[in-house]
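Just so we're on the same page: letters track the sequence lines, and every chain starts at 1.
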Amino acid sequence: MKEINLLLKKKEKFPIPEIQRKRLSRVTFILLSLFFFLLFFTVGYSLVLHFRHSNLLTEQGTLKNIIESKKETEARYISFLQKISFAGKIIEGREDFGGLLSKIQTFIPEGYNPLALSVETGGRVFLSIKFPDTESVDNFLAPIVSDPKVVPNLTVNSLSKDKDDKYSINLEFKSLKKE
Amino acid sequence: MRLNFTVKNEYLIFSAQVLTILTILFLTKQILIPFIIRTAKLREEINKEQATVALLKQKVSLLSGIEQGTFQQDFENINQAVPHEKNIFSLLSTIDGAAFSSGISMETFSLKPGGISTDSAETRKEKSSNEFNFNLTAAGDINQIRNFITNLFKARRLVSLKKVSFRFKEAEKTKASIEGVTYYLPATSTTISDVQSDLPIFSAHEKKVLEEINGLMTFREASASTFISTPSSTTRNIFSL
């Protein structure tokens, strides 16, 4: 009995209480489990990734070799794209002289005889027309002059009369307004 | 004696537990965390490699498609529109065809001096311009000439006109003097430095241009030459539509 009492006294003096010892054991167990779980998971996952990575590199190498063997085709394709871009610029910059001529045809009334007509890039038009009298000249010019939007930048370069009393007028203007 | 043993035993267990925790923490810091970081980096690398592989696959598929004949017609059409060389024959057949289908008579045709070149001459000054000029004179009525000009505009061999001059004379056919320019583009020696480089894909604009070129006319069907002027009856109604 004495021994038991002594033991109990000693026990009370033990620095770590029972509850804390249990907690510590639990924490140790959880940490250990977590550590091993993470270790195994990471190692496993890493192995899978290494395998996948090596497969990807092999596949990449094969594809690169295939592309290497198709370099000529690639150059042809790039040249093709360059040509499309070049052709696109040409098409954008071209002027439809045929369309412009159609417009000029509608602009000159029937019965008037043009002597010369010249159309240049930028829409500049030089027109020389013969008229039987001054009244015809006025009739021709009046609607054009009244609406400068129809024929922009109109200039009468010269007006001359020939030996048959016919008038020739030289006009210069920018192309007719786009519809 | 028994008491001492029990206390000692409990201290031992306690110490072992503390030591285990410390070891776990140490191993986590020294091994587990760097390992996790390395794995994460590997994952990132794999994502990059996957993107590269996808790009390469796309490139291989596109190149294989080209080899199997996709774009073949487009290649031909664009080469007709803008040949690698000056290809005078193609220009002549275009003009000939346009003249034939519009009914005009071609009177003269000339290329600007230095216009005709061989491959070796391309290294000279004209190489950078990728274009050359031509002049021609044609006779017909105004509508025929206008149709000829429209045909040239719609021809697949790209031609731009710089100047068109008409001379209207009574009792004679209308004569037109046409100054034009046509184009060529030598195949550049494209150096493909990196197989991984992205292969450009058609933009909407390029598709539109290609469609436009595909829609342009070829004049192969014009077999009869109009370069020989034929005398014809005069039409007086010069400017009537």
**Student:** Is A/Leu39 close to chain B through its backbone or its side chain, or both, or neither, when contacts mean heavy atoms under 4.5 Å?
**Tutor:** both
**Student:** Need one label for B/Gln50: side chain, backbone, both or neither, based on atoms under 4.5 Å from any heavy atom in chain A.
**Tutor:** both
**Student:** Let's test your reading of the structure: which of A/Gly98, A/Gly93, A/Gly88 forms the most heavy-atom pairs below 4.5 Å with chain B?
**Tutor:** A/Gly98
**Student:** Would you call A/Arg52 and B/Glu49 a salt bridge, using N to O less than 4.0 angstrom?
**Tutor:** no
**Student:** Who among A/Leu32, A/Ile91, A/Ile84 has the most heavy-atom pairs with chain B under 4.5 Å?
**Tutor:** A/Ile84
**Student:** Before you tell me yes or no, could you show the steps for A/Ser102 and B/Arg146 under side-chain contact (heavy atoms from CB on, under 4.5 Å), namely the whole-Å CA-CA distance, both residues' side-chain angles and the distance that decides it to 0.1 Å?
**Tutor:** CA-CA 8 Å; A/Ser102 297; B/Arg146 193 196 62 214; 3.1 Å; yes
**Student:** Is the closest side-chain heavy-atom distance between B/Arg43 and A/Leu49 below 4.5 Å?
**Tutor:** yes
**Student:** Measure the shortest side-chain to side-chain distance between B/Leu161 and A/Val119 over non-hydrogen atoms and say whether it is less than 4.5 angstrom.
**Tutor:** no
**Student:** For B/Lys162, is there an ion pair with A/Glu120 - N to carboxylate O distance below 4.0 angstrom?
**Tutor:** no
**Student:** What part of B/Leu32 lies closer than 4.5 angstrom to a heavy atom of chain A: side chain, backbone, both or neither?
**Tutor:** side chain
**Student:** If the plane angle is over 60° it's perpendicular, under 30° parallel, otherwise tilted; pick one for A/Phe80 and B/Phe71.
**Tutor:** tilted
**Student:** For B/Lys57, is it the side chain, the backbone, both, or neither that has a heavy atom closer than 4.5 Å to a heavy atom of chain A?
**Tutor:** both
**Student:** Do you know which of B/Asn79, B/Val209, B/Ile46, B/Ile149 has the most heavy-atom pairs with chain A at a distance under 4.5 angstrom?
**Tutor:** B/Ile46
**Student:** For chain B, find which of A/Tyr77, A/Phe29, A/Phe126 contributes the most heavy-atom pairs closer than 4.5 angstrom.
**Tutor:** A/Tyr77
**Student:** Any chance you could measure A/Ser79, atom OG, to B/Phe75, atom CZ, to the nearest 0.5 Å?
**Tutor:** 8.0 Å
**Student:** Under a 4.5 Å cutoff for heavy-atom pairs, which residue among B/Ser203, B/Ser165, B/Ala176 has the most contacts with chain A?
**Tutor:** B/Ser165
**Student:** Compare all side-chain heavy atoms of A/Ser85 with those of B/His205 and state whether any distance is below 4.5 angstrom.
**Tutor:** no
**Student:** Please classify the contact between B/Thr23 and chain A as side chain, backbone, both or neither, with a heavy-atom cut-off of under 4.5 Å.
**Tutor:** neither
**Student:** Based on non-hydrogen pairs under 4.5 Å, which of A/Leu24, A/Leu34, A/Ile66 is most in contact with chain B?
**Tutor:** A/Leu24
**Student:** Taking side chain as C-beta onward, heavy atoms only, is B/His84 less than 4.5 Å from A/Lys83?
**Tutor:** yes
**Student:** How long is the span from the OG atom in A/Ser46 to the CD1 atom in B/Ile36, to the nearest 0.5 Å?
**Tutor:** 11.0 Å
**Student:** Does a donor on one side chain and an acceptor on the other come within less than 3.5 Å for A/Thr28 and B/Gln17?
**Tutor:** no
**Student:** Could you check which of B/Ile145, B/Leu62, B/Leu56, B/Asp74 has the highest count of heavy-atom pairs closer than 4.5 Å to chain A?
**Tutor:** B/Leu56
**Student:** Quick one: of B/Thr150, B/Thr20, B/Thr39, who has the most non-hydrogen atom pairs under 4.5 Å with chain A?
**Tutor:** B/Thr39
**Student:** Could you tell me which portion of A/Leu31 (side chain, backbone, both or neither) has an atom closer than 4.5 angstrom to a non-hydrogen atom of chain B?
**Tutor:** both
**Student:** Based on non-hydrogen pairs under 4.5 Å, which of B/Val18, B/Leu25, B/Leu210 is most in contact with chain A?
**Tutor:** B/Leu210
**Student:** With a 4.5 angstrom heavy-atom cut-off, which part of A/Phe97 approaches chain B: side chain, backbone, both or neither?
**Tutor:** both
**Student:** Heavy-atom cut-off 4.5 Å, strictly under: side chain, backbone, both or neither for A/Leu57 against chain B?
**Tutor:** side chain
**Student:** Using every non-hydrogen atom in the two residues, find where B/Leu63 and A/Lys70 come nearest and quote the distance to one decimal.
**Tutor:** CB-CD, 3.5 Å
**Student:** Please identify, among B/Leu158, B/Leu152, B/Thr28, B/Val60, the residue contributing the most non-hydrogen atom pairs under 4.5 Å to chain A.
**Tutor:** B/Leu158
**Student:** Judged by atom type as modelled, is there a donor-acceptor pair below 3.5 Å linking the side chain of B/Lys163 to the main-chain atoms of A/Ser118?
**Tutor:** no
**Student:** Counting only heavy atoms not in B/Gln30 (residues, nucleotides, ligands), do more than 12 fall under 6.0 Å from its CD?
**Tutor:** yes
**Student:** Mark yes when over 12 heavy atoms from residues, nucleotides or ligands other than A/Arg76 sit less than 6.0 Å from its CZ; otherwise mark no.
**Tutor:** yes
**Student:** Which heavy atom in A/Ala116 sits nearest to a heavy atom in B/Phe168, and how many Å separate them?
**Tutor:** N-CD1, 3.8 Å
**Student:** Using non-hydrogen atoms and a 4.5 Å limit, figure out which bit of A/Glu95 sits close to chain B: side chain, backbone, both or neither.
**Tutor:** backbone
**Student:** What are the two closest non-hydrogen atoms of A/Ala87 and B/Ile213, and how far apart are they?
**Tutor:** CB-CD1, 3.5 Å
